[in-house]
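The block underneath contains the structure these notes are about, expressed in structure tokens.
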Amino acid sequence: MTKVFTGASFDPSANVEVTRDHERDLASLGERLERRGVALDREIEAVRQFAVAVPSWALGTGGTRFGRFPGAGEPRRLSEKLEDAAVVHRLTGAAPRVSLHIPWDVPDDTAAVRQFAAELGIGFDAVNSNTFQDQPGQLLSYKLGSFSHPDAAVRRQAVEHNLFAIEVGKELGSQAITIWLADGSDYPGQMSLRKSFDRVLECLRDVYAALPDGWRLFTEHKPYEPAFYASVVQDWGSSYLLATALGDRAQCLVDLGHHLPNTNIELVVARLLGAGKLGGFHFNDSKYGDDDLTAGSIKPYGLFLVFHELVQAERERLGGFTPAYMIDQSHNTKDPLEAMLQTVDQLQLAYAKARLVDHAALEAFQESGDPLMAERTLKEAFETDVRSLVAEARRRSGGALDPVIAFRNSGYRARKAAERAGADYVPQQSL
Ligand code: LRH
Ligand code: MN
């Protein structure tokens, strides 16, 4: 396996002091959990099984319409994105797959890319299609939509693109396609609200019919942007209607940032879980709109409550529950890799805390009508400091106790800045 990191510089366990403090914190947590009848080792092993996919498009600095401020040493092509994604897995032990975006990441040589990724110790999660931009040389524009476009030729072009994305994914070993449509309108009257939805379903049927064996199709809803009056797949209900009409291999993907302020996202998750239609997630956080901030940075309790729903489904071995956990963020001010390492840590923490809920006590308080004690039972888990548990899970998986500090100590970014000097990172650039 290609060594992502050379020398021992990255491994803080070389730092005796850090290790001693870690072991003391772990021992005291173990003692606390034992008093609750919870086995620390079982929890550590469970967190070691948690895995999330890294988005290829968030390994370089994101931006807004007002500007983008890229840092030195960012990936300029697919191979460098894979190298960086492997760093996240190396340091966390919890990011074994990358989610690619087509055509931004179309490989020149798919077999070579698959081989290179395997050497780096990573694979590929769901591919993402893109009919929200016009590519150089594209015949028909998506300005007025793709699957919902009034012109059947544009709809056909969009279907063809999704079939192409599936082909690329198939050769890379992906098992799913995520379809987010920017389709919508800016003004009342601009678009037929029902005809546009029917056309989207018709096109999705064509894509669904072409799914390779074992593949799933994820529909991703979003309330607005780039459409500022009506998005065709605006909310979980629209996504659910589509996934249900398509069939068993179609499920809904929940991007946490795709909900209007104060939406109860854990309730949306519970509804889709109950219907066996929760396909996966794009984890991130937001204060206002689709801000794509670091998961857990704004609403950590909200993230915990989402994981509380997921852990219950896991415990109940709920039918159709094979969620694809993926990250979807845009790092405008943080180093993209450091932000990704922080994100994986936040997700591991939320998962570990949700597993500590005393589910029997919670159910008893719910069934006996004791709201205060029911809430306290959740808060008890949320307020448990599980940082040493999660750090230990990473250490046992060969990762770092503190990935961000390990990354900074490694000098990786500086090395890449020297190595990758010259041509700036261009999203469309292939391998
Ligand atoms: C749309 C979205 C979608 C991706 C894109 C990069 O806002 O969440 O999942 O295709 O971001
Ligand atoms: Mn998304």
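Hydrogens, waters and symmetry mates play no part in the numbers below; they use all other heavy atoms, side chains included. Just so you know, ligand 1 is whichever comes first in the structure, and atom 1 is the first atom listed for that ligand.
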**Prompt:** What protein N/O/S atoms sit under 2.8 Å from the Mn ion (ligand 2), by chain and number?
**Reply:** Glu220 OE2, Asp255 OD2, His282 ND1, Asp328 OD2
**Item:** Location of contacts on Asp328 toward ligand 1, heavy atoms closer than 4.0 Å
**Value:** side chain
**Fill in**
Quick look: Glu225 vs ligand 1, heavy-atom contacts under 4.0 Å, and the answer is neither
Return the residue, atom name and 0.1 Å-rounded distance of the protein heavy atom closest to [atom].
atom                   : result
atom 4 (C) of ligand 1 : His101 NE2, 3.7 Å
atom 6 (C) of ligand 1 : Trp57 NE1, 3.6 Å
atom 7 (O) of ligand 1 : Lys222 NZ, 2.9 Å

**Message:** Less than 4.0 angstrom from a charged side-chain N to a carboxylate O is my criterion; do Lys416 and Glu80 meet it?
**Reply:** no
**Asked** Is Lys222 salt-bridged to Asp255, cutoff N-O under 4.0 Å?
**Response** no
**Fill in**
Of all heavy-atom pairs linking Ile298 and Asp285, the shortest is N-OD2, 2.9 Å
**Prompt:** Taking all atoms of both residues into account, what is the closest heavy-atom pair of Pro403 and Leu341, and its distance?
**Reply:** O-CD1, 3.8 Å
Ligand-side contact atoms (ligand 1) for residue partner [X], heavy atom cut-off under 4.0 Å:
X      : answer
His258 : 1 (C), 2 (C), 7 (O), 8 (O)
His282 : 9 (O)
Glu220 : 2 (C), 3 (C), 8 (O), 9 (O)

Mind checking whether [X] and [Y] have parallel, tilted or perpendicular rings, split at 30° and 60°?
X      : Y      : value
His359 : His308 : parallel
Phe228 : Tyr224 : tilted
Trp57  : His101 : perpendicular

**Message:** Counting neighbours of CG on Asn264 that are heavy atoms of other residues, nucleotides or ligands and sit closer than 6.0 Å, is the number greater than 12?
**Reply:** yes
**Message:** Surrounding CD of Glu363 (heavy atoms of other residues, nucleotides or ligands, distance under 6.0 Å), is the total greater than 12?
**Reply:** no
**Request:** Using distance alone, decide if ligand 1 has a nitrogen or oxygen within less than 3.5 Å of any nitrogen or oxygen in Asp290.
**Result:** yes
**Item:** No-hydrogen, no-angle side-chain donor-acceptor test under 3.5 Å, His161 and Asn130
**Value:** no
**Asked** Of Ile179, Val232, Val154, which is the lone residue that meets side chain to side chain contact (heavy atoms under 4.5 Å, CB included) with Phe147?
**Response** Ile179
**ligand 1 contacted by Asp255 (non-hydrogen, < 4.0 Å)** = yes
